[in-house]
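Not measured: the values here are computed from a predicted model. Side-chain atoms are counted along with the backbone in the values below, which use heavy atoms only and exclude waters and symmetry mates.
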Amino acid sequence: MSTDTGSIRFILNGEDISLRHVPPTGTLLDWLRLRRRLTGTKEGCAEGDCGACTVLVGRVVEGRLAYESVNACIRLLGSMNATHIVTVEYLAGSDGVLHPVQQAMVDYHGSQCGFCTPGFVMSLYGLWLSDPAPNRARIEKALQGNLCRCTGYEPIIRAAEAVAEARPSAVFDPIERTRAEVLAKLTSMAPQDTIRVSDGDGRVIVPASLDDLAAVLAEEPKATVVAGSTDVGLWVTKQFRDLNPVVFINHLTELQSLEETTEGIRIGAGVTYSQAFATLCRRFPALSPLIDRIGGEQVRNMGTIGGNIANGSPIGDTPPALIALGATLTLRSREGPRELPLERYFIEYGKQDRRPGEFVESLFVPDLPADTHFAVYKISKRRDEDISALCAAFRVTLAPDGTVADVRLCFGGMAGTPKRAATVEAALLGKPWTEATIEAARPAFETDYKPLTDWRATAEYRLLAAKNLLIRFFLETSGEIVQVRRFEDVA
């Protein structure tokens with residue numbers, strides 16, 4: 001067993017923290033509440049849905065200090081090295097004067113029972129720091145991961161609108177007052193060597209570089225690799241899994257690159273949904289509504305596209321779209337990199353083509369060819385913050401004569417892995433892109449898929465929805481306006 005080296009170091013509000021004993025499955029929320037008695041941060045759902053546990057986490061990104069809202073209930077303590085954790089207790093002045101965000105919640109009656117209020121305050125504070133003049137849509141997006149069951153959202157939105165222009169001096173705001181000092185401290189906390197700490201038999205490993213990560217996984221091929229913990233956190237809080245050792249990689253800047261070329265985009269495995277959003281949606285606009293529905297803002301700030309792939313879930317939201325786009329995956333180990341088409345990574349339920357010691361390093365998404373239509377559809381019981389019953393991605397390239405020159409249809413939630421509809425594709429390829437062709441191809445879905453029935457949807461519903469989504473895609477590519485919109489989007 002490896003000996004302990006170093007410690008997990010971070011800043012909590014205004015205090016420097018160094019921990020030599022960290023349980024691999026210990027959550028940030030439990031540590032804040034039970035060890036530090038910072039009970040303003042609440043536990044509601046313990047699965048990253050309700051937002052009552054929201055805190056801000058500052059980290060160094062490309063030389064600057066960036067703060068993001070995260071769910072402390074599923075964020076693991078071992079991932080906090082070189083970060084600044086900000087809880088609701090830090091906002092008010094030393095004389096008890098409330099921060100403008102807190103005062104606005106009072107003035108506009110944004111709190112009733114109060115349980116969810118600290119989480120709302122922290123989400124609004126994160127928005128206040130990043131956007132001086134948010135519109136209503138941006139406010140709603142910032143609050144997407146916060147649930148209130150008694151007050152209603154209108155008073156909270158009015159508070160957000162009112163506070164947007166309230167900008168006290170930087171001397172008052174706790175983050176602005178200490179930004180330069182915190183940036184210097186966090187920069188110095190970046191590990192120069194692999195950190196290994198333990199708690200009893202449990203071990204936490206924080207590699208300092210990709211080479212160190214490859215070496216660690218060669219020694220510990222069964223270790224659990226954790227980036228954003230938006231799924232692994234539920235293994236801990238809901239399934240009570242005993243994960244040991246745990247290797248944290250969310251700090252590795254080598255995995256956080258986002259490179260645009262004339263051929264496409266290369267996305268590092270540690271890039272979060274929030275970081276990738278603007279670039280991906282500019283190159284592939286159809287991805288915008290999909291990413292906006294992946295959890296709440298806290299989840300998108302934590303979760304990574306590489307983690308969504310590495311996890312291998314058949315209902316992960318991004319793999320169907322990325323497979324339809326023809327993405328290529330790069331895996332890496334101590335022996336070097338290995339590339340394969342993303343669709344070949346998924347072998348069967350619970351099994352992926354990742355050899356012992358390998359980890360997901362990056363993903364390359366090629367640009368769409370000319371005359372290509374691309375769309376993504378997510379079907380779920382609840383519009384926001386819900387797991388897909390099925391997710392569909394359609395890509396079709398039309399020849400000058402209107403026939404189908406190339407086609408890729410991929411579904412999540414229809415099989416044990418994200419899977420292309422090979423028989424349906426064959427029924428469309430080379431045929432005229434017409435309603436008659438679509439109707440003739442629909443029965444082929446029953447050859448490609450034998451979906452299961454669960455609490456999200458029946459097998460019959462999934463098959464019917466898949467067939468109908470193909471019709472919708474055809475209508476949209478033929479000029480029919482069938483996009484479903486909320487009232488406020490068209491009012």
Side-chain angles (χ1 to χ4, degrees), residues 10-13 27-29 32 41 48-88 90-91 99 101 118-132 134 138-146 160 173-176 178-179 182-183 185-187 189-190 226-231 233 248-253 255-256 258 267-268 270-280 291-292 294-308 385:
F10 54 86
I11 303 170
L12 172 63
N13 293 327
T27 67
L28 173 59
L29 176 63
L32 289 173
T41 308
D49 270 352
C50 75
C53 66
T54 302
V55 299
L56 295 191
V57 171
R59 59 193 179 108
V60 180
V61 179
E62 296 180 347
R64 64 182 183 86
L65 186 56
Y67 285 87
E68 299 166 318
S69 58
V70 305
N71 294 120
C73 69
I74 55 172
R75 184 69 179 257
L76 300 184
L77 185 61
S79 71
M80 302 311 299
N81 193 73
T83 66
H84 181 202
I85 303 164
V86 180
T87 71
V88 70
Y90 195 51
L91 268 62
H99 190 278
V101 173
F120 273 97
V121 167
M122 295 310 293
S123 290
L124 290 178
Y125 181 42
L127 177 64
W128 185 86
L129 287 169
S130 63
D131 191 338
R138 180 67 188 93
I139 293 169
E140 289 183 357
K141 185 173 179 177
L143 297 178
Q144 205 175 15
N146 293 82
D173 184 78
I175 285 180
E176 296 301 343
T178 60
R179 189 176 283 271
V182 169
L183 175 60
K185 283 186 177 182
L186 297 189
T187 302
M189 290 177 181
V226 177
S229 71
T230 54
D231 197 22
F248 291 99
I249 63 171
N250 57 297
H251 62 290
L252 292 174
T253 56
L255 292 178
Q256 295 172 11
L258 190 61
I267 306 168
V271 174
T272 66
Y273 300 115
S274 295
Q275 288 175 302
F277 181 81
T279 301
L280 275 177
I291 297 175
D292 267 345
I294 296 176
E297 186 134 311
Q298 297 93 323
V299 167
R300 294 190 294 270
N301 289 338
M302 295 167 57
T304 65
I305 294 174
N308 199 225
E385 283 203 290

Look only at the side chain of His84 and the backbone of Asn13, and say whether a donor-acceptor pair between them is shorter than 3.5 Å. yes

side-chain contact (heavy atoms from CB on, under 4.5 Å) assessment of Ile11 paired with Ile85: CA-CA 6 Å; Ile11 303 170; Ile85 303 164; over 6 Å; no

Would you confirm whether Asn301, through its side chain, and Ser69, through its main-chain N or O, come within 3.5 Å as a donor-acceptor pair? yes

Taken to the nearest 0.5 Å, the spacing of Tyr90 OH from His99 NE2 works out to 11.0 Å

Test Thr304 against Gln275 for side-chain contact (heavy atoms from CB on, under 4.5 Å), laying out the working first. CA-CA 9 Å; Thr304 65; Gln275 288 175 302; over 6 Å; no

Closer than 3.5 angstrom, by distance alone: can the side chain of Gln256 be matched with the main-chain N or O of Val61 as a donor-acceptor pair? no

Start with the C-alpha distance between Glu297 and Arg138, add both sets of side-chain angles, then the distance that settles salt bridge (charged side-chain N to carboxylate O under 4.0 Å, His left out), and finish with yes or no. CA-CA 11 Å; Glu297 186 134 311; Arg138 180 67 188 93; 3.0 Å; yes

So does Arg300 get a backbone contact from the side chain of Ser274, meaning a donor-acceptor N/O pair under 3.5 Å? yes

Just by modelled atom types, is the Gly303 backbone N or O under 3.5 Å from a matching donor or acceptor in the Asn308 side chain? no

Is the side chain of Arg59 donor-acceptor paired with the backbone N or O of His251 at a distance under 3.5 Å, no angle test? no

Sidechain-backbone polar pair: Asp173 side chain, Glu176 backbone, donor-acceptor under 3.5 Å: yes

Could you check whether any side-chain N or O of Ser229 sits under 3.5 Å from a backbone N or O of Val226, counting only pairs where one atom can act as donor and the other as acceptor? no

Do Met80 and Val57 have side chains that get closer than 4.5 Å, going by heavy atoms? yes

Provide the closest heavy-atom pair for Phe10 versus Thr83 in the form atom of the first, atom of the second, distance. CB-O, 3.2 Å

Side chain to side chain, Leu12 and Leu32, heavy atoms closer than 4.5 Å: yes

Atom CG of Leu252 and atom CG of Asn250: how far apart are they, to the nearest 0.5 Å? 8.0 Å

Beyond-backbone contact of Asp292 with Phe277, side-chain heavy atoms, under 4.5 angstrom: yes

Hey, mind stepping through Val70 and Leu56 against side-chain contact (heavy atoms from CB on, under 4.5 Å) and telling me if it holds? CA-CA 6 Å; Val70 305; Leu56 295 191; over 6 Å; no

In Å and rounded to the nearest 0.5 Å, what is the CZ to CG distance from Arg179 to Leu65? 5.0 Å

Say you draw a straight line from OG1 of Thr272 to CG of Leu258; how long is it, rounded to the nearest 0.5 Å? 9.5 Å

